[in-house]
Amino acid sequence: MEVVHPKFRPDPGLSRAEMEALQREIGHEAVFEDDLAPLPDSPLVVGVDQAFPDEQAVSAIVAMRDGEVIERTSAVTDLSIPYIPGLLSFREGESILAAFETLECEPDLALFDGSGRIHYREAGLATHMGVALDLPSVGVAKSLLCGRLSNPPEEPFAEGTRVPILANGRVEVEEGNVLGYAVQTRQYDGGSRYINPLYVSPGHRVGPETAAGLAEAHCAGYKLPEPIRRADAYAGELASEARQ
DNA sequence: GCGACAG
DNA sequence: ATCTTGTCGC
C-alpha cells in the first residue's frame with residue numbers, strides 16, 4: 001500500500017523542534033474516534049514490529065484474517081538517530097513505511113508495537129504511521145510513556161481488567177482526557193507470577209474503547225495480539241539472520 | 001538539580 | 001530495543 005500523506009513521512013534529518021512541530025500537526029490531523037469503514041466480519045489485520053540488528057532497523061508486517069497468516073513482508077533501513085522518548089517514530093518510521101510500501105494486500109486495520117495517542121503530543125508511533133497511511137490503527141505498548149491510571153482497582157489486575165489512562169501534566173492535552181486503556185489481556189491464576197497490562201491507545205480513526213476492544217479481540221492465549229506477536233517473531237528471525 | 005522516559 | 005544463563009512455576 002502507499003503513503004497517502006508524504007508530508008508526514010518521518011524524516012530523521014529534521015531538527016528536534018521540527019519533529020515536535022510535525023507531531024503536533026499529526027496529532028491534530030488524527031481522528032481519535034471510530035471512523036472505520038464498517039469492519040468486515042473477517043477484517044484483514046496487520047501486526048507491525050521491529051528488531052535492530054547492528055545499526056539497522058528491520059520492520060516486519062504480518063497480515064492475518066480469521067487467525068490465518070495471509071501475507072508477510074519486511075524492510076530494512078539504516079538507523080540515523082538514537083532512541084529518544086517521544087520521537088520513536090522518527091527512528092523507526094522510515095523502515096515501517098518502506099515495509100508497508102511492499103505490502104500487497106489492503107488491510108482494514110494495523111496494530112503497532114508502541115503508543116498511539118498516549119504520547120506527549122498525541123502523536124505516538126501508531127498515530128504517526130496511521131495518519132501517514134490514512135489507515136485505522138491501534139497502539140499497543142508494553143509500558144506507559146505518559147498519562148496516569150484512573151481508578152486503579154486492587155492489584156493484581158485480573159484478566160479482562162480495563163483501566164482508563166488519563167492525560168496528566170506531561171501531555172499537551174486537557175487534563176483528564178481519556179488517552180487509552182491499560183488492558184490486562186493475560187494473567188496467571190495464582191499470585192506468585194504476575195503479568196503487566198498492555199497500554200492500548202487509538203492510533204488513527206479509532207476511539208479508545210474500540211482500540212482496547214480490538215487489541216483484546218486479537219489475542220490468542222498470549223499477552224500480545226497475535227498479529228503483533230507474529231510480527232515480533234518474524235522481525236526476530238530476520239534480525240538474527242542479518243547478524244550472521 | 002531531580003525525576004520520567006514507547007522501542 | 002539489545003547483550004544472555006539459569007530458574008521458577010504449572
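Chain letters run A, B, ... following the sequence lines, proteins first and then strands; every chain starts at 1.
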Chemist: If I take atom CG in residue A:Leu88 and atom P in nucleotide C:dA1, what distance separates them, rounded to the nearest angstrom?
Modeler: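 The distance from CG of A:Leu88 to P of C:dA1 comes to 11 Å, rounded to the nearest Å.
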Chemist: Establish, with yes or no, whether the OP1 or OP2 oxygen of B:dA6 is under 4.0 angstrom from a side-chain nitrogen or oxygen of A:Ser89.
Modeler: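 For A:Ser89, the contact criterion (side-chain N or O under 4.0 Å from OP1 or OP2 of B:dA6) is not met.
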Chemist: Within the 3.5 Å criterion, strictly below it, is a donor on A:Tyr181 or A:Glu209 matched to an acceptor on the partner's side chain?
Modeler: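 Looking only at side-chain atoms, A:Glu209 and A:Tyr181 do form a donor-acceptor pair, the distance falling under 3.5 Å.
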Chemist: For A:Leu87, answer base if it contacts any base atom (sugar-phosphate contacts may also be present), sugar-phosphate if it contacts only those atoms, and nothing otherwise; contact means non-hydrogen atoms under 4.0 Å.
Modeler: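 Result for A:Leu87 = base.
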Chemist: Rounded to the nearest Å, what distance is computed from the CG atom of residue A:Leu125 to the P atom of nucleotide B:dA6?
Modeler: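 Checked: the CG to P distance equals 13 Å.
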Chemist: From OH of A:Tyr199 over to P of B:dA6, roughly how many Å is that when rounded to an integer?
Modeler: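 Rounded to the whole Å, the gap is 11 Å.
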Chemist: Below 6.0 angstrom between ring centroids: does that apply to A:His128 and A:Phe90?
Modeler: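 Yes - the distance between ring centres of A:His128 and A:Phe90 falls below the 6.0 Å cut-off.
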Chemist: Could you tell me whether the side chain of A:Arg193 has a donor or acceptor atom within less than 3.5 Å of a complementary atom in the base of C:dC8?
Modeler: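 Per atom types, the contact qualifies.
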Chemist: Please work out if A:Leu144 contacts a base, only the sugar-phosphate, or nothing of the nucleic acid, heavy-atom cut-off 4.0 Å.
Modeler: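 Counting heavy atoms under 4.0 Å across all strands, the contact made by A:Leu144 is with sugar-phosphate only.
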Chemist: Please report, rounded to the nearest Å, how far the P atom of B:dA4 is from the CG atom of A:Leu149.
Modeler: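 It is 15 Å, rounded to the nearest whole Å.
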Chemist: Return the nearest nucleotide to the side chain of A:Arg170; candidates are B:dA6, C:dA1, B:dA4.
Modeler: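 Nucleotide nearest to A:Arg170's side chain: B:dA4.
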Chemist: Without decimals, in angstroms, what is the distance between A:Leu145 CG and B:dG3 P?
Modeler: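 From A:Leu145 CG to B:dG3 P: 19 Å.
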Chemist: Can any side-chain N or O of A:Asp108 pair as donor or acceptor with the backbone N or O of A:Leu44 at less than 3.5 Å?
Modeler: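 Judged by distance alone, yes, a pair lies under 3.5 Å.
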Chemist: Report which part of the nucleic acid A:Ser115 touches: base, sugar-phosphate, or nothing (heavy-atom distance under 4.0 Å, all strands).
Modeler: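 Since a base atom lies under 4.0 Å of A:Ser115, the category is base.
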Chemist: Which part of the nucleic acid does A:Arg243 contact within heavy-atom distance under 4.0 Å: base, sugar-phosphate only, or nothing?
Modeler: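 Contact class for A:Arg243: sugar-phosphate only.
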Chemist: Check the geometry between A:Phe52 and B:dG7 and answer yes if their rings are stacked (centres below 5.5 Å, planes below 30°), otherwise no.
Modeler: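 Stacking is absent between B:dG7 and A:Phe52, given that the ring centres and planes do not meet under 5.5 Å and under 30°.
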Chemist: Expressed as a whole number of angstroms, how long is the span from A:Asp189:CG to C:dG9:C1'?
Modeler: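 These atoms are roughly 12 Å apart.
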Chemist: Between A:Tyr181 (OH) and B:dA6 (C1'), how many Å, whole number?
Modeler: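 Atom OH in A:Tyr181 sits about 20 Å away from atom C1' in B:dA6.
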Chemist: Report which part of the nucleic acid A:Asp113 touches: base, sugar-phosphate, or nothing (heavy-atom distance under 4.0 Å, all strands).
Modeler: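 Sugar-phosphate only.
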Chemist: Less than 4.0 angstrom between a side-chain N/O of A:Lys142 and OP1 or OP2 of B:dA6, yes or no?
Modeler: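 It does not, given that no N or O in the side chain of A:Lys142 lies less than 4.0 Å from OP1 or OP2 of B:dA6.
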Chemist: On the six-membered ring of A:Phe52, is A:Arg91 placed so that its NZ or CZ lies under 6.0 angstrom from the centre and within 45° of the ring axis?
Modeler: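 Because its charged atom sits under 6.0 Å from the ring centre and within 45° of the axis, A:Arg91 does stack over A:Phe52.
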Chemist: Categorize A:Gly86 for me: base, sugar-phosphate, or nothing, with a 4.0 angstrom heavy-atom threshold over every strand shown.
Modeler: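 The answer is base, as A:Gly86 lies within the cut-off (heavy atoms under 4.0 Å) of a base atom.
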Chemist: Out of the candidates A:Asp134, A:Leu133, A:Val131, only one should pair with A:Val4 under the side chain to side chain contact (heavy atoms under 4.5 Å, CB included) rule; please name it.
Modeler: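 Going through A:Asp134, A:Leu133, A:Val131 one by one, the side chain to side chain contact (heavy atoms under 4.5 Å, CB included) with A:Val4 is satisfied by A:Asp134 alone.
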Chemist: Rounded to the Å, how far apart are A:Ile118 CD1 and B:dG7 C1'?
Modeler: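 Going from A:Ile118 (CD1) to B:dG7 (C1'), I get 15 Å.
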